[in-house]
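Scroll down for the structure; my scribbles are underneath it.
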Amino acid sequence: MLFRLIKQAPLTEKVASQDGFIYLYRAMKFIGWIPPKAVLLRYVYFSWTLMAFGWHTAYVPLGLLGSYITQIKLFSPGEFLTSLQVCLSASGCSTKVIIIYSQLWRLIKARKLLDKLDVHCSSLEEREKIHRIVARCNHVVLIFTIVYCGYVLCTYLSFVLSGRPPYQLYNPFLDWHDGTRNLWIVSTFELMVVMGTAVQNMLSDSYTLVYGLILRTHLELLNGRISKLRTNPEMTEDENYEELVNCVLDHKLILEYCALIRPVISGTIFIQFLLIGCELGLTYINLFFFSDLWTGFSSVVYIVAILLETFPFCYICNLIIDDCEALAHAIFQSNWIGSSPRYQSTLFYFLHNVQQPIVFIAGGIFPISMSSNISVAKFAFSVITIVQQMNIADKFKDD
């Protein structure tokens with residue numbers, strides 16, 4: 001079945017938490033980030049990696065800057081704003097890609113830690129939650145891919161049918177003004193190049209959500225195991241203590257998982273926080289003042305893509321803080337009264353550690369949360385206000 005991984009697998013199938021990353025890592029392999037294990041194939045794949053970074057990471061932002069330098073007078077206001085949106089996004093994407101690729105080992109190592117966390121997920125209820133989150137994570141990557149690549153395709157069709165290339169990347173070899181054939185060749189070339197950039201952008205924005213969803217699930221599973229401590233009358237005190245120690249070790253693994261992914265998330269979300277207000281502001285200006293039906297539709301899709309970049313993960317971060325608080329409540333409300341001194345001292349140590357919430361900081365400056373995201377997104381409305389008060393849109397139209 002096509003896209004079977006977005007459907008929850010039956011409990012008769014063996015599913016691990018790592019399976020939630022299948023679509024994400026397939027896209028990474030496609031774009032040149034994860035080489036094969038065979039030595040000979042690695043050299044061939046390395047050439048693909050260089051080509052992908054050259055075209056999608058370097059050429060797109062530089063090509064847009066080159067077009068501004070050489071043919072800025074030929075841009076209409078709508079074309080310039082659309083191109084500028086992509087230029088900002090591509091520049092931010094290139095920076096995020098470099099951050100992720102240079103620290104990809106952290107994400108891979110964190111993914112492998114999940115096998116240790118899965119060891120204690122033996123009940124049908126726990127396995128069902130693993131199955132559900134695996135399907136959801138793969139579904140998230142598929143949705144991101146459709147939205148991001150859909151925007152590129154919509155922009156391509158809306159512009160090329162209007163008689164202009166969608167992004168007007170600097171191209172010294174072909175001039176799209178020289179007939180319809182050249183227009184289609186240049187436009188299709190831009191489509192292929194920017195589509196690769198869109199895939200890179202999708203990866204840099206969706207990985208945070210996938211890793212965050214998996215983290216929340218294991219916090220929830222740990223919460224459930226803590227709530228069941230010392231509730232089985234058939235278990236001895238030593239066995240209950242062993243169960244508590246397993247919970248402590250699982251929490252330690254979760255903190256190790258967070259420590260691995262935190263530097264990567266900090267860098268990429270910081271870049272996105274810096275750009276989101278400008279990107280939204282330019283898109284709104286283009287949508288309200290310069291768009292026709294087709295370019296307006298592509299702008300709406302682009303707004304959805306911008307909102308997907310940070311809002312879902314910021315919301316997940318808020319929920320993770322709540323999960324940590326629920327974990328502390330579960331420890332305190334567990335059946336510890338009447339337990340041995342050894343059990344109680346370990347429990348109190350566990351409670352002390354859990355009371356420190358799991359927090360992600362963007363660039364060591366902004367706490368990643370909904371309030372921070374809303375604050376940076378408000379800048380878009382400031383940009384629109386400035387444009388309206390200074391009549392910049394009318395001046396562009398007159399020119």
Counting heavy atoms not belonging to F311, are there more than 12 under 6.0 Å from its CZ? yes
Please determine whether residues L50 and V97 belong to a single hydrophobic cluster, defined as Ile, Leu, Val, Met, Phe, Trp and Tyr linked transitively by side-chain heavy-atom distances below 4.5 Å. no
Main chain of T236, side chain of N240: is a donor-acceptor contact present, judged purely on distance under 3.5 Å? yes
Is there a chain of hydrophobic side chains (I, L, V, M, F, W, Y, each step under 4.5 Å between heavy atoms) that links I361 to I271? no
Among residues at least two apart in sequence or on other chains, which ones pass side-chain hydrogen bond (donor to acceptor under 3.5 Å, both in side chains) with T70? none
Working to the nearest 0.5 Å, report the span between CZ of R26 and CG of N138. 8.0 Å
Is any NZ, NE, NH1 or NH2 atom of the basic residue among E128 and R132 found under 4.0 Å from an Asp or Glu carboxylate oxygen of the other? yes
Would you say W48's side chain and V44's backbone share a donor-acceptor pair under 3.5 angstrom? no
Return yes if some donor-acceptor pair links the side-chain N/O of D175 with the main-chain N/O of N182 below 3.5 Å, else return no. no
Could you check whether R342 pairs with D238 (Lys NZ or Arg NE/NH1/NH2 to Asp/Glu carboxylate O, under 4.0 Å)? yes
Rounded to the nearest 0.5 Å, what separates atom CD1 in I320 from atom CG in L213? 8.5 Å
Side-chain heavy atoms nearer than 4.5 Å, only ILVMFWY residues, links allowed to pass through others: does that put V15 and L124 together? no
Provide the closest heavy-atom pair for G212 versus F313 in the form atom of the first, atom of the second, distance. CA-CE1, 4.4 Å
Starting from V39 and following side-chain heavy-atom contacts under 4.5 Å between hydrophobic residues (I, L, V, M, F, W, Y), which residues can be reached? Y43
Just verifying a value: how many Å separate I276 CD1 and S375 OG, rounded to the nearest 0.5 Å? 11.0 Å
Is there a side chain to side chain contact (heavy atoms under 4.5 Å, CB included) between Y211 and L24 once you walk through the steps? CA-CA 10 Å; Y211 276 86; L24 185 73; 4.3 Å; yes
So, does T57 use its side chain to make a donor-acceptor pair with the main chain of S94 at under 3.5 Å? no
Please confirm whether the backbone N or O of A198 pairs with a side-chain atom of Y151, one donor and one acceptor, at under 3.5 Å? no
Which of E242, E239, E237 passes salt bridge (Lys or Arg N to Asp or Glu O under 4.0 Å) with R230? Answer is E237
Results of side-chain hydrogen bond (donor to acceptor under 3.5 Å, both in side chains) for T217 - residues two or more places apart only: none
Going hydrophobic residue to hydrophobic residue with side-chain gaps under 4.5 angstrom, can you get from V119 over to L222? no
Main chain of I331, side chain of S334: is a donor-acceptor contact present, judged purely on distance under 3.5 Å? yes
Quick one: do I321 and Y257 end up in the same hydrophobic cluster if we chain Ile, Leu, Val, Met, Phe, Trp and Tyr together by side-chain heavy atoms under 4.5 Å apart? no
Name all residues meeting the side-chain hydrogen bond (donor to acceptor under 3.5 Å, both in side chains) criterion together with Y349; count only those two or more places apart in sequence or in a different chain, and write none if there are none. N353
By the salt bridge (charged side-chain N to carboxylate O under 4.0 Å, His left out) test, which pairs, at least two apart or in different chains, include something from residues 48-59? none
With side chain to side chain contact (heavy atoms under 4.5 Å, CB included) as the test, would you mind laying out the steps for L174 and F189 before giving the verdict? CA-CA 11 Å; L174 283 175; F189 168 73; over 6 Å; no
Taking the side chain from E190 and the backbone from L169, do they hold a donor-acceptor pair closer than 3.5 Å? yes
Between E126 and R225, is there a salt bridge with N-O shorter than 4.0 Å? yes
Mind jotting down which residue pairs meet the salt bridge (charged side-chain N to carboxylate O under 4.0 Å, His left out) criterion with at least one end in residues 89-116? Sequence neighbours excluded, please. K96-D205
